[in-house]
Amino acid sequence: DGGITQSPKYLFRKEGQNVTLSCEQNLNHDAMYWYRQDPGQGLRLIYYSQIVNDFQKGDIAEGYSVSREKKESFPLTVTSAQKNPTAFYLCASSSVPGAQYFGPGTRLTVT
Amino acid sequence: GQQLNQSPQSMFIQEGEDVSMNCTSSSIFNTWLWYKQDPGEGPVLLIALYKAGELTSNGRLTAQFGITRKDSFLNISASIPSDVGIYFCAGQPPYNTDKLIFGTGTRLQVFP
């Protein structure tokens with residue numbers, strides 16, 4: 001089955017700990033994205049990558065880091081510097097500028 | 001970051017009714033997209049529009065790319081309970097084709 005997978009679905013961490021969210025796609029898409037969604041809100045772009053070994057900051061990159069070592073994978077690390085890390089995190093990919101396809105999301109809770 | 005103005009914010013309708021929602025911007029877009037998000041899930045792409053004036057249907061859904069390139073609407077005909085969810089519009093600006101700008105969402109509730 002082709003698609004985007006994110007794991008885990010739910011993640012719990014203690015404050016002060018870094019945590020890495022997984023995103024994998026087998027759609028052969030060049031571009032990948034990370035978004036954050038807060039309750040009742042729209043999507044805000046954290047980081048995106050158009051090509052392997054290259055990525056750009058989105059609108060709310062502070063406190064996050066990413067890597068793009070493989071075309072299929074774009075992990076997101078939520079660092080202890082992120083002041084309000086509890087949120088729903090969505091990964092997306094696209095083959096051409098325009099339509100992005102989303103994974104099922106990871107809900108991160110930090111206490 | 002920039003966001004699109006999406007309206008209405010929420011809608012409560014009876015099963016069988018038609019629904020209309022729209023998205024507007026002060027600047028032009030190259031592409032308009034419409035997504036549906038169920039609670040706790042990722043958004044699913046419903047319709048993609050690539051040309052000004054384009055009218056595209058997907059089953060009971062119809063969307064149009066406004067002639068001015070600054071707006072788009074989505075219509076749902078004969079709503080059913082599974083249409084419940086949040087509908088987002090998204091636009092691709094000409095100044096940065098790497099990114100999408102998302103609307104704030106329209107929450108749809110359908111009552112039997």
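Lettering of chains follows the sequences in order, A, B, ..., and the numbering in each one begins at 1.
Residue B:M11 is not grouped with residue B:F73 when hydrophobic side chains (ILVMFWY) are merged at heavy-atom distances under 4.5 angstrom, including chains of intermediate members. The hydrophobic clustering, which links ILVMFWY residues whose side-chain heavy atoms are closer than 4.5 Å, places B:L45 and A:M32 apart. Cluster membership for A:V110 and A:Y35, using ILVMFWY side-chain heavy atoms within less than 4.5 angstrom, is not shared. A:F102 and A:L11 fall into different hydrophobic clusters, where Ile, Leu, Val, Met, Phe, Trp and Tyr side chains are chained together by heavy-atom contacts under 4.5 Å.
Proximity to chain B (any heavy atom under 4.5 Å) is shown, for A:Q56, by neither the backbone nor the side chain. Looking at A:A31, there are no atoms closer than 4.5 Å to chain B (heavy atoms on both sides), in backbone or side chain. Looking at B:L100, both its backbone and its side chain come within 4.5 Å of chain A, counting heavy atoms on both sides. Residue contact with chain A, scored on non-hydrogen atoms closer than 4.5 Å, involves the side chain of B:Q37 exclusively.
For A:Y101, the OH atom counts as loosely surrounded, since its 6.0 Å shell holds 12 or fewer non-hydrogen atoms of other residues, nucleotides or ligands. Other residues, nucleotides and ligands place more than 12 heavy atoms under 6.0 Å from the NZ atom of A:K9. Open room surrounds CD on B:Q9; 12 or fewer heavy atoms of other groups in view lie less than 6.0 Å from it. A:I51 CD1: 12 or fewer foreign heavy atoms inside a 6.0 Å radius.
The side-chain heavy atoms of B:Y35 and A:Q100, taken from C-beta on, include a pair separated by under 4.5 Å.
Put simply, the side chain of B:K99 never gets that close to the backbone of A:Y48: no donor and acceptor are under 3.5 Å apart.
The two residues B:F88 and A:Q41 make their nearest non-hydrogen contact at CZ-O, 4.0 Å. For the pair B:Y50 and A:A99, the tightest heavy-atom approach, listed with the atom from each and the gap, is OH-CB, 3.9 Å. The two residues B:P43 and A:L90 come nearest to each other via the heavy atoms CD-CD1, 3.8 Å.
The CG atom of B:D98 sits 10.0 Å away from the OG atom of A:S49 when rounded to the nearest 0.5 Å. Considering CG of A:L45 and CD1 of B:I101, their distance stands at 8.5 Å, rounded to 0.5 Å.
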